[in-house]
Amino acid sequence: MIAQVAVIGAGTMGNGIAHVFAQYGFKVQLIDVNEAQLQKALATITKNMDRQVAKGVISEADKQAALANLSLETNLAKGVASADLVVEAATENVAIKLDIFKQIDAAAPAHCILASNTSSISITKIGAATQRPNKVIGMHFMNPVPMKPMVETIRGYHTSDETIETAKKLLAQMGKECILVNDSPGFVSNRVLMLTINEAIFILQEQVASASEVDRIFKTCFGHKMGPLETADLIG
């Protein structure tokens, strides 16, 4: 049973992931080496919850309960010491992620599932940096996390069926659909999306069409909510 969650990294994705877990009643430790970044993340989460209250998505009481579920921590080992699930949302750098997973593996309880929010790095490779590759899984949340109903969930070569089922049930508790894919560079979302964005940029560079025209074609012809160039601007 997952009750306590640690989220590593207090950037855009980390604060969104922490927000959702706290909103759905999980005790959350948001971990970052930078105290100022943690305070910034807390302010962002509070502001985003205020928006949810204004829109009637949650009540003021729900907001206060969610914020009470959230704690800030700069010490990784301390932050993961009692976690049932750790979600890593650090910068997309292989060496940094492997080092973080080694640290998590050494400090987290034996039963703890270790998840990465990576959008492209091999879950099998990340799992190999630990002594529990069967408990390592990819959970690629989409931005903005509170608004996106799906999580691209990645099975590494050694990820167990039990870990997969736990992830599915957990995401269902938060109203998120779990779409399970196998480990491959870029998985599905970024493997397809980045090619589309790159081609759209080449079209713009070659003056085949304007940015607004490219995006409008995707929205009107294919029913996309956003065009590829709008998407590129959003995700950076």
Side-chain angles (χ1 to χ4, degrees), residues 1-2 5-9 11-14 16-17 20-21 80 83-105 108 110-145 147-199 222-226 228 231-232 234-236:
M1 177 182 173
I2 307 294
V5 177
V7 179
I8 298 176
T12 299
M13 294 307 299
I17 294 166
V20 172
F21 276 110
V80 305
D84 303 307
L85 169 72
V86 177
V87 182
E88 170 274 320
T91 186
E92 195 75 349
N93 178 290
V94 175
I96 290 173
K97 286 190 186 292
L98 294 183
D99 181 60
I100 287 172
F101 269 84
K102 288 175 184 176
Q103 293 181 57
I104 301 169
D105 188 42
H111 72 274
C112 182
I113 291 173
L114 312 184
S116 177
N117 184 59
T118 180
S119 60
S120 60
I121 298 169
S122 169
I123 298 303
T124 302
K125 186 170 186 175
I126 290 173
T130 76
Q131 299 300 310
R132 61 181 97 186
N134 61 314
K135 292 184 177 295
V136 176
I137 188 171
M139 294 176 73
H140 180 204
F141 289 83
M142 304 293 163
N143 183 38
V145 180
M147 296 176 62
K148 297 296 183 178
M150 185 278 293
V151 176
E152 185 180 36
T153 305
I154 303 97
R155 181 198 291 270
Y157 185 79
H158 296 290
T159 308
S160 70
D161 289 341
E162 181 182 3
T163 298
I164 296 292
E165 288 306 310
T166 300
K168 285 181 179 179
K169 290 176 183 177
L170 176 69
L171 292 170
Q173 283 181 257
M174 299 188 294
K176 305 285 188 190
E177 181 183 2
C178 170
I179 298 183
L180 182 63
V181 304
N182 290 321
D183 200 6
S184 177
F187 316 128
V188 173
S189 57
N190 273 6
R191 183 170 175 177
V192 175
L193 177 63
M194 293 308 161
L195 290 173
T196 306
I197 288 175
N198 283 345
E199 284 301 321
F222 306 136
H224 293 195
K225 290 184 178 180
M226 295 180 68
T231 303
L234 175 67
I235 66 176

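- In this structure the side chain of Thr163 reaches within 4.5 angstrom of the side chain of Lys135, judged on heavy atoms.
- Inter-residue side-chain proximity for Ile8 and Phe101 is flagged as unmet; no heavy-atom pair is nearer than 4.5 Å.
- Contact annotation: the side chain of Arg132 approaches that of Cys112 to within less than 4.5 Å [non-hydrogen atoms, C-beta and beyond].
- Looking at Asn143 and Ile235, their side chains never come closer than 4.5 Å, going by heavy atoms from C-beta outward.
- Contact of the Phe141 side chain with the Lys148 side chain is not registered, since no non-hydrogen atoms from C-beta on lie closer than 4.5 Å.
- At least one donor-acceptor pair closer than 3.5 Å links the side chain of Glu152 to the backbone N or O of Val188.
- Between the side chains of Ser119 and Asn190, at least one donor-acceptor pair of N or O atoms lies under 3.5 Å.
- At a threshold of 4.5 Å between non-hydrogen side-chain atoms, the residues Leu171 and Glu177 do not count as touching.
- When side chains are defined from C-beta on, Lys225 does not count as touching Thr231, because their heavy atoms never get closer than 4.5 Å.
- Formation of a donor-acceptor pair under 3.5 Å by the Thr153 side chain with backbone atoms of Cys178 is not found in this model.
- In this structure, the side chains of Val136 and His158 stay at 4.5 Å or more apart for every pair of heavy atoms.
- Heavy-atom contacts from other residues, nucleotides or ligands closer than 6.0 Å to CD of Glu162 number 12 or fewer.
- Summarising the local packing, CE of Met226 is surrounded by more than 12 heavy atoms from other residues, nucleotides or ligands at distances under 6.0 Å.
- For the pair Thr124 (side chain) and Gly156 (backbone), a donor-acceptor distance under 3.5 Å is absent.
- A pairwise comparison of heavy atoms in Met139 and Leu170 identifies CE-CD2, 4.3 Å as the closest pair.
- Although no hydrogens or angles enter the test, the distance criterion places no donor-acceptor pair under 3.5 Å between the side chain of Lys125 and the main chain of Leu98.
- When atom types are taken as modelled, the side chain of Glu88 and the backbone of Lys97 share no donor-acceptor pair closer than 3.5 angstrom.
- Judged by distance alone, with hydrogens and angles left aside, the side-chain atoms of Asp183 form a donor-acceptor pair with the main-chain N or O of Ile123 at under 3.5 Å.
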**Study point:** Stepwise side-chain contact (heavy atoms from CB on, under 4.5 Å) test for Met194 and Ser120
**Key:** CA-CA 11 Å; Met194 293 308 161; Ser120 60; over 6 Å; no
